[in-house]
Amino acid sequence: KGEAIADYWGLEPRLNLRYTINNRSSIKASAVWSNQYIHLVSNATTTLPTDLWVSSSKKVKPQRGLQFSLGYFQNFLDNEYEASAEVYYKHLDNQVEYAETYTPELGQDVENQFVYGTGRSYGLELFLKKRRGRFNGWIGYTLSRTTRQFPDINDGLRFPAKYDRTHDLSVVATYELSKRWQLSGTFVYGTGQALTLPNSFFVINGWLFQEFDMPRNSYRLKPYHRLDVSAAWSLNKKPNPKLKNELVFSIYNTYSRLNPFFVYAFPEANENNAGAIDVKLKQVSIFPIVPSITWNFKF
């Protein structure tokens, strides 16, 4: 009690460069070395939200990351619009995953179930923003790839990380209908989460077992996307009141997209073949369309 288990420290140098082409455009470059002492460990064989946060210890070394980025930034139409295109590459050391033989059990020391490797992430980020006017907003899109490589997993071959997102799109728009009414909307889209599914099932002494022979994280959930809209109505009739308050009418997930929360394999008896079992993949979704009314006030 009170005894230190492990002690780590690390330098985090940063280098940022900017070259101004003219008063509207520039090129920026950066290099960043970072350390992380808390690890997010994910179980690739389930999509349930069972990720585990683990601090660095004698066995679990701090994560190290080296990231490079290069981007072009441009303002136009009297700075009403701004746009950018940026590429990045990041190398990661001391990544943590569960071993392929891991099965959850109560009371076990999970550190004994970890394996260690490296990771990398790279991609292209595009951004466009309208800064002024009654109608404004922004669009952001990322094309990226995040992979990991472990000597003890997937035969040492590189595989997609659980939260790898090939496509990530966000669109945000706001329109000032009048001095008291403001409309807004948000649309998001993302590639489905990567996961590992069993490729075969078999029964031994009445118990159902599953076997994983496919490459790590070779399956994808359905893409995630939704549209949120809202209308804000100011209750103040006079400008600059002491008490500012408004009502916000909003709809979350407007078209009630059933985005996957997790999937699971469900065995069912085969009606046409006695003794045989059919295994079907079923999806669980949460948060369909959710309307709401909010009262905001500030004084």
Side-chain angles (χ1 to χ4, degrees), residues 1-16 30-69 88-122 144 146-165 190 193-198 207-212 215-217 219 221 224 260-265 284 286-287:
K1 183 177 180 179
E3 180 182 354
I5 301 300
D7 185 27
Y8 295 104
W9 67 277
L11 297 175
E12 296 192 342
R14 288 167 168 78
L15 175 65
N16 294 282
S30 68
V32 178
W33 176 263
S34 57
N35 307 286
Q36 183 171 311
Y37 304 94
I38 298 180
H39 312 257
L40 181 63
V41 187
S42 303
N43 188 354
T45 59
T46 177
T47 56
L48 283 169
T50 54
D51 296 344
L52 179 68
W53 287 100
V54 178
S55 62
S56 297
S57 63
K58 288 183 178 180
K59 293 182 179 180
V60 184
K61 306 301 180 184
Q63 297 183 61
R64 313 292 188 188
L66 178 60
Q67 177 172 310
F68 300 95
S69 64
Y88 69 91
Y89 177 86
K90 188 172 187 177
H91 176 79
L92 303 166
D93 286 322
N94 300 333
Q95 299 300 286
V96 184
E97 285 271 359
Y98 287 110
E100 290 188 332
T101 56
Y102 167 74
T103 53
E105 293 180 10
L106 293 176
Q108 67 175 335
D109 186 355
V110 292
E111 285 192 358
N112 294 326
Q113 304 295 326
F114 292 160
V115 292
Y116 307 94
T118 61
R120 69 182 183 187
S121 180
Y122 53 91
S144 65
T146 302
T147 61
R148 290 186 167 186
Q149 189 171 24
F150 292 74
D152 301 315
I153 296 179
N154 203 44
D155 295 328
L157 301 176
R158 193 174 298 277
F159 60 89
K162 180 177 180 179
Y163 295 105
D164 171 56
R165 296 287 184 271
Q193 177 181 305
L195 73 154
T196 304
L197 292 177
W207 291 90
L208 182 67
F209 293 87
Q210 54 191 15
E211 185 178 17
F212 297 86
R216 186 87 159 194
N217 288 349
Y219 294 91
L221 293 181
Y224 180 97
F261 183 57
F262 68 90
V263 296
Y264 65 95
V284 175
I286 60 174
F287 299 129

**Prompt:** What residues form a side-chain contact (heavy atoms from CB on, under 4.5 Å) with Asp7, not counting sequence neighbours?
**Reply:** none

**Message:** I'd like to check Tyr224 versus Gln193 (side-chain heavy atoms, cut-off strictly below 4.5 Å). Are they in contact?
**Reply:** no

**Message:** Between Tyr88 and Ser121, is there a side-chain heavy-atom distance shorter than 4.5 Å?
**Reply:** yes

**Request:** Fit a plane to each ring of Tyr116 and Phe114, take the angle between them on a 0 to 90° scale, and name the class: parallel (under 30°), tilted (30 to 60°) or perpendicular (over 60°).
**Result:** perpendicular

**Message:** Any non-hydrogen side-chain atom of Val284 less than 4.5 Å from a side-chain atom of Tyr264?
**Reply:** yes

Counting only pairs under 3.5 Å, give me each side-chain donor-acceptor contact of residues 89-97, with atom names and distances, residues two or more places apart or in other chains.
| unit_1 | atom_1 | unit_2 | atom_2 | d |
| --- | --- | --- | --- | --- |
| His91 | NE2 | Asp93 | OD1 | 3.0 |
| Asn94 | ND2 | Pro62 | O | 2.6 |
| Gln95 | OE1 | Arg148 | NH2 | 3.0 |
| Gln95 | NE2 | Gln63 | OE1 | 2.8 |
| Gln95 | NE2 | Asp93 | O | 3.3 |
| Glu97 | OE1 | Arg216 | NH2 | 3.4 |
| Glu97 | OE2 | Arg148 | NH1 | 3.1 |

**Asked** Which heavy atom of Gln36 sits nearest a heavy atom of Ser56, and at what distance?
**Response** O-OG, 4.3 Å

**Request:** List the steps and the verdict of side chain to side chain contact (heavy atoms under 4.5 Å, CB included) for Phe262 and Leu195.
**Result:** CA-CA 10 Å; Phe262 68 90; Leu195 73 154; over 6 Å; no

**Prompt:** Does atom CZ of Phe287 have more than 12 heavy-atom neighbours from other groups under 6.0 Å away?
**Reply:** no

**Message:** For Tyr37, give me all partners under side chain to side chain donor-acceptor pair (under 3.5 Å), at least two apart in sequence or on another chain.
**Reply:** none

**Minimal non-hydrogen separation, Phe159 against Ile153, with atom names** = CE2-CG2, 3.9 Å

**Request:** Verify the neighbour count for atom CG of Leu40: are there more than 12 heavy atoms of other residues, nucleotides or ligands below 6.0 Å?
**Result:** yes

**Asked** Which atoms form the tightest heavy-atom contact between Gln149 and Gly156, and what is the distance?
**Response** NE2-O, 3.0 Å

**Request:** Check Ser57 against Ala6 and note the closest heavy-atom contact, atom names and distance.
**Result:** C-CB, 3.9 Å

**Asked** How about Asn35 and Glu12: do any of their side-chain heavy atoms sit closer than 4.5 Å?
**Response** yes

**Prompt:** For Phe68, which residues count as a side-chain contact (heavy atoms from CB on, under 4.5 Å) partner, sequence neighbours excluded?
**Reply:** Ala31, Leu66

**Asked** Who are the side chain to side chain donor-acceptor pair (under 3.5 Å) partners of Asn16, not counting sequence neighbours?
**Response** none

**Request:** Kindly indicate whether the side chain of Asn112, heavy atoms from C-beta on, has any atom under 4.5 Å from the side chain of Lys59.
**Result:** yes

**Message:** Can you give me the closest heavy-atom contact between Ala161 and Asn217, atom names plus distance?
**Reply:** C-ND2, 3.8 Å

**Item:** Asn154 to Pro215 - nearest heavy-atom pair and separation
**Value:** OD1-CA, 3.4 Å

**Request:** Taking side-chain contact (heavy atoms from CB on, under 4.5 Å) as the test, write out the residues that go with Leu11, two or more places apart.
**Result:** Trp9, Pro13

